[in-house]
2 protein chains.
Amino acid sequence: MSVSAAAVRTLPSGLAERLALAADLFAEHGLEATRVDEVARITGIPRATLYYYFPGKEHILAHLLSSTLDDMAERIETAAAVPGTGRERLERVLREHLAFIASHGATYRLLFAELGRAASLVDIARGVDRAIRAPLRAVLQAGVDDGSLHVLDVHAAASVVHGAVLVSGLEQLLAPSDRTTDRTDAILQVVFEGLGKERVDRRAAEDDHGH
Amino acid sequence: MSVSAAAVRTLPSGLAERLALAADLFAEHGLEATRVDEVARITGIPRATLYYYFPGKEHILAHLLSSTLDDMAERIETAAAVPGTGRERLERVLREHLAFIASHGATYRLLFAELGRAASLVDIARGVDRAIRAPLRAVLQAGVDDGSLHVLDVHAAASVVHGAVLVSGLEQLLAPSDRTTDRTDAILQVVFEGLGKERVDRRAAEDDHGH
DNA sequence: TCTATAGTTGGACGCATCGTCCAGATTCAT
DNA sequence: ATGAATCTGGACGATGCGTCCAACTATAGA
């Protein structure tokens with residue numbers, strides 16, 4: 001039951017807009033619990049028309065998630081492209097990522113809720129890698145190359161940073177803390193400085209750039 | 001539609017065991033896409049009996065997730081209770097957490113997939129806080145108190161660490177890398193040392209313990 | 001203007017699955 | 001052995017998905 005986000009017919013731009021209104025619906029109830037009739041009602045697009053453009057409910061969701069991912073990919077790439085050291089670029093990317101989570105909260109949450117699914121929504125899984133993981137690895141590698149970041153394992157670091165920002169960002173959404181304080185700085189502080197009092201030398205031998 | 005994990009009738013231990021066989025089913029397909037008939041078939045528990053003990057499918061899942069969480073809470077608490085500095089205890093907790101994710105992968109993934117749901121599975125959301133977040137905050141605070149950890153904001157740090165370990169752990173599951181290498185050390189290295197080349201002094205003013 | 005084609009829609013249908021119900025079977029304690 | 005509690009098969013109504021198709025609308029070309 002692998003689902004591609006590509007619509008069978010090209011979707012008129014008018015419909016694409018109205019379809020976005022259904023994002024909250026999916027986000028709140030999840031894929032299966034969202035009724036196609038509700039999607040039709042909210043968007044004003046007749047049920048028969050939905051099935052004219054999409055093979056099924058899953059594909060409607062896939063389309064929504066996919067375009068959200070495109071948005072994000074663009075913003076992240078833009079942030080990553082601003083010149084600077086790897087470290088500076090990483091910080092921009094992370095701030096952009098946090099901001100994106102904050103603004104697209106519901107959809108973003110759904111992205112990861114439905115993501116784990118074994119075989120379905122395969123495009124989405126790839127999209128996440130393209131939109132977040134790949135740019136992250138790129139700036140991390142840049143930081144290694146220009147010596148502005150302390151990274152021993154780019155892949156592991158990308159996972160850690162991704163998870164840190166993702167979970168922190170989602171938590172800010174779920175727990176609307178009374179304080180309006182933005183925790184972005186606090187989050188980045190941990191990511192950049194780590195929790196240890198000082199650096200361990202466990203892997204010092206692998207540190208071969210002479211700086 | 002808020003769902004409590006408490007069964008209406010006390011579940012015979014025999015059934016609880018066989019029910020665990022359904023965990024993979026739920027994990028692979030998600031709540032809604034899992035057929036009750038399948039659960040009945042896999043576990044060998046007749047459908048009518050399932051509905052005799054549980055008000056509905058959601059409650060079956062809630063029970064599974066809830067007992068998985070109980071397992072984890074116990075293991076994490078045990079790891080946290082071993083004497084040592086805050087830092088040492090944190091490291092043990094994180095290793096235990098990663099090990100748990102590795103062994104209970106499917107169920108654990110589902111835990112977070114279904115978690116976001118607005119109103120449902122409320123017990124589960126609380127359970128995650130009890131099983132992971134609270135112990136994390138406790139050892140982080142211990143590290144602050146005994147000076148073994150560099151933590152400015154315990155709450156933010158807990159989110160970051162939780163996310164880092166969660167996403168890294170899940171990724172090890174999803175991407176079965178050809179190398180059998182355990183990435184645990186690499187993950188912890190990033191968490192403890194951070195990505196920065198050296199520590200920023202942005203918040204140095206708040207750093208009031210005389211070390 | 002007329003007409004052919006493509007795009008769009010309402011509404012009925014078949015089908016799967018949920019959760020309910022209950023009569024009968026089974027187990028267990030006395 | 002007998003009654004109570006527990007368990008189970010099977011039928012049922014309700015819901016919601018996806019299909020189908022006839023009819024309606026818009027548009028472009030003659």
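Excluded from the calculations below are hydrogen atoms, water molecules and symmetry mates; all remaining heavy atoms, backbone and side chain alike, are included. Per chain, numbering begins at 1; letters A, B, ... match sequence-line order.
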Cationic N near anionic O, under 4.0 Å, A/D70 to A/R75 = no
From CZ of A/R41 across to P of C/dG10 the rounded distance in Å is 15 Å
To the nearest angstrom, the CG-C1' distance between A/L50 and C/dG10 comes to 14 Å
Rounded to whole Å, the NE2-C1' distance (B/H59 to C/dG19) equals 12 Å
Taken to the nearest whole Å, CZ/B/R18 to P/D/dT8 is 8 Å
Assess B/R87 against B/F192: is NZ or CZ under 6.0 Å from the centre of the six-membered ring, and within 45 degrees of the ring's axis?
yes
Whole-Å distance, B/E38 CD to C/dA16 C1', equals 14 Å
Salt-bridge criterion met for A/E91 and A/R95 (N-O under 4.0 Å): yes
One should read off an interatomic distance between A/I187 CD1 and B/D153 CG, to the nearest 0.5 angstrom, of 8.5 Å
Once base and sugar-phosphate atoms are separated, protein heavy atoms under 4.0 Å mark nucleotides 13-19 of chain D, 5' to 3', with B, S and - as ---SSBB
For A/D129, is there an ion pair with A/R137 - N to carboxylate O distance below 4.0 angstrom? yes
- Message: Looking only at the side chains, is there a donor atom on one of B/R133 and B/S159 sitting less than 3.5 Å from an acceptor on the other?
- Response: yes
Using nucleotides 24-30 of chain C, report all nitrogen or oxygen pairs with the protein that are shorter than 3.5 Å.
none

B/L15 atom CG is separated from D/dT6 atom P, nearest whole Å, by 13 Å
When every non-hydrogen atom of B/L64 is compared with those of B/A22, the smallest separation belongs to CD1-C, 4.2 Å
Original post:
Under 3.5 Å, is there a donor-acceptor pair between the B/H155 and A/E171 side chains?
Top reply: yes
